[in-house]
Protein chains: 2
Amino acid sequence: MNIGTAARRSALPAKTIRYYEEIGLLRPARADNGYRDYSDADIHRLKFLQRSRGLGFSVEECRQLLSLYGDTHRASADVKALAATKLDQIEHKIAELQSLKKTLTHLVRTCHGDARPDCPILDELSGASA
Amino acid sequence: MNIGTAARRSALPAKTIRYYEEIGLLRPARADNGYRDYSDADIHRLKFLQRSRGLGFSVEECRQLLSLYGDTHRASADVKALAATKLDQIEHKIAELQSLKKTLTHLVRTCHGDARPDCPILDELSGASA
DNA sequence: GCTAATCCTTCCAGTGACTGGAAGATCAAG
DNA sequence: CTTGATCTTCCAGTCACTGGAAGGATTAGC
């Protein structure tokens, strides 16, 4: 099947699929006319990538996951470790963003937000309170 | 003052400071030996950048904030709008990450994580449940 | 059979916000 | 005088795509 169909089936842009091939994440066959020819297994792989990227795994982590997926002898602990690390990172990121949110909320609430030029947000950024 | 000192005072890497100059965020003087020569005003500007970047504003947003900061006639509403938009974006990102976290937590919890090869995480990624 | 639209190919460049490193000048200390 | 730190510029790399140009292949309609 052509790349357009593969794109629709995997919910990935064609550009991205070519990019994944370029970095060695899959190796689709080629038809006589030079077009890429995706098998059902390729689509499966692309969907796997789409899902794992969507879960926040980096492309390199996805490569690892794919290789773990392909290795019938791997321990589930290996996968769990990868997922747990990612979970940790996500939790850290959430905490960081929540702290940002708190600060910004405070700033937005303190600023009267009218036509007057004095603004607590800029005061804070410029270090008035520091 | 030299870039090393400016870096220490602003808590920004020297590389970053040069980069900020390259994209026109500041224009430090030059000493006779060709070294950049930072004034206190430059440091103030760098600290402003350090703080606003730390609050999640993009470099372009920081540029806007700096210009608003420099304009004594600007309305505080302009700044407030920028901050409120950013706050919205942060909230969206938090929600997204929390949804990711939920999914990943579930997956990690379901995976027994031992030496056996069967793994619900990979099953999910490969679309077994979809 | 012709034409136009769509789809495919490759290649190159750009994004954001730095970061790393090489090659060479300058400076400060002993 | 030498060593080592610091400065300069410039080029390349990061991550994960994304956009676009130039050109070949296919398909749909007439």
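In what follows, chains are A, B, ... by sequence order, proteins preceding strands, each numbered from 1.
Under 4.0 Å is where a charged nitrogen must lie from a carboxylate oxygen, and between B:E60 and B:K86 no such pair does. A salt bridge is absent between A:R36 and A:E22; no separation between the charged side-chain nitrogens and carboxylate oxygens falls under 4.0 Å.
Comparing A:V59 and B:D37 along DNA chain D, the residue whose closest nucleotide (by nearest heavy atom) sits nearer the 5' end is B:D37.
Using a 4.5 Å heavy-atom cutoff, the side chains of A:Y19 and A:I23 are in contact. You'll find the side chain of A:F48 reaches within 4.5 Å of the side chain of A:L66, heavy atoms only.
The CZ atom of A:R53 sits 9 Å away from the C1' atom of D:dC17 (whole-angstrom rounding). One interatomic measurement links the two molecules: CG of B:L12 to C1' of C:dT19, which rounds to 14 Å at whole-angstrom precision. One atom, CZ of A:R8, and another, P of C:dT6, lie 13 Å apart when rounded to the nearest Å. Atom CZ of B:R30 is separated from atom C1' of D:dT8 by 8 Å (rounded to the nearest Å). Atom-to-atom, CE of B:M1 to P of D:dC7 comes out at 12 Å; the value is rounded to the nearest Å. Atom CD in A:E60 sits roughly 7 Å away from atom P in D:dC15 (whole-Å rounding). The nearest whole Å value for the distance from the CD1 atom in A:I3 to the C1' atom in D:dA25 is 15 Å. When the C1' atom of C:dC18 is taken as reference, atom CZ of B:F57 falls 20 Å away, rounded to whole Å.
Hydrophobic clustering (ILVMFWY, side-chain heavy atoms < 4.5 Å, transitive): B:V59 and A:I121 are in one cluster.
At most 12 non-hydrogen atoms from other residues, nucleotides or ligands lie less than 6.0 angstrom from CZ of A:R27.
Distances shown here put every side-chain N or O of A:R36 at or beyond 4.0 Å from the OP1 or OP2 atom of C:dC8.
Tested against B:I94 for a side-chain contact (heavy atoms from CB on, under 4.5 Å), the candidates A:Q98, A:K93, A:E96 yield a single pass: A:Q98.
Inspection of the B:H112 and B:D114 side chains reveals an N or O donor paired with an N or O acceptor under 3.5 Å. A:S39 and A:D42 are linked by a side-chain donor-acceptor pair at a separation below 3.5 angstrom, with hydrogens and angles left out of the test.
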List the protein contact pattern of nucleotides 23-30 of chain C with one symbol per nucleotide (5' to 3'): B for base contact, S for sugar-phosphate-only contact, - for none; contact means a heavy-atom distance under 4.0 Å.
---BS---

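Contacts between residues 14-29 of chain B and DNA chain C, defined by a heavy-atom separation under 4.0 Å, are made by B:K15, B:T16, B:Y19, B:Y20.
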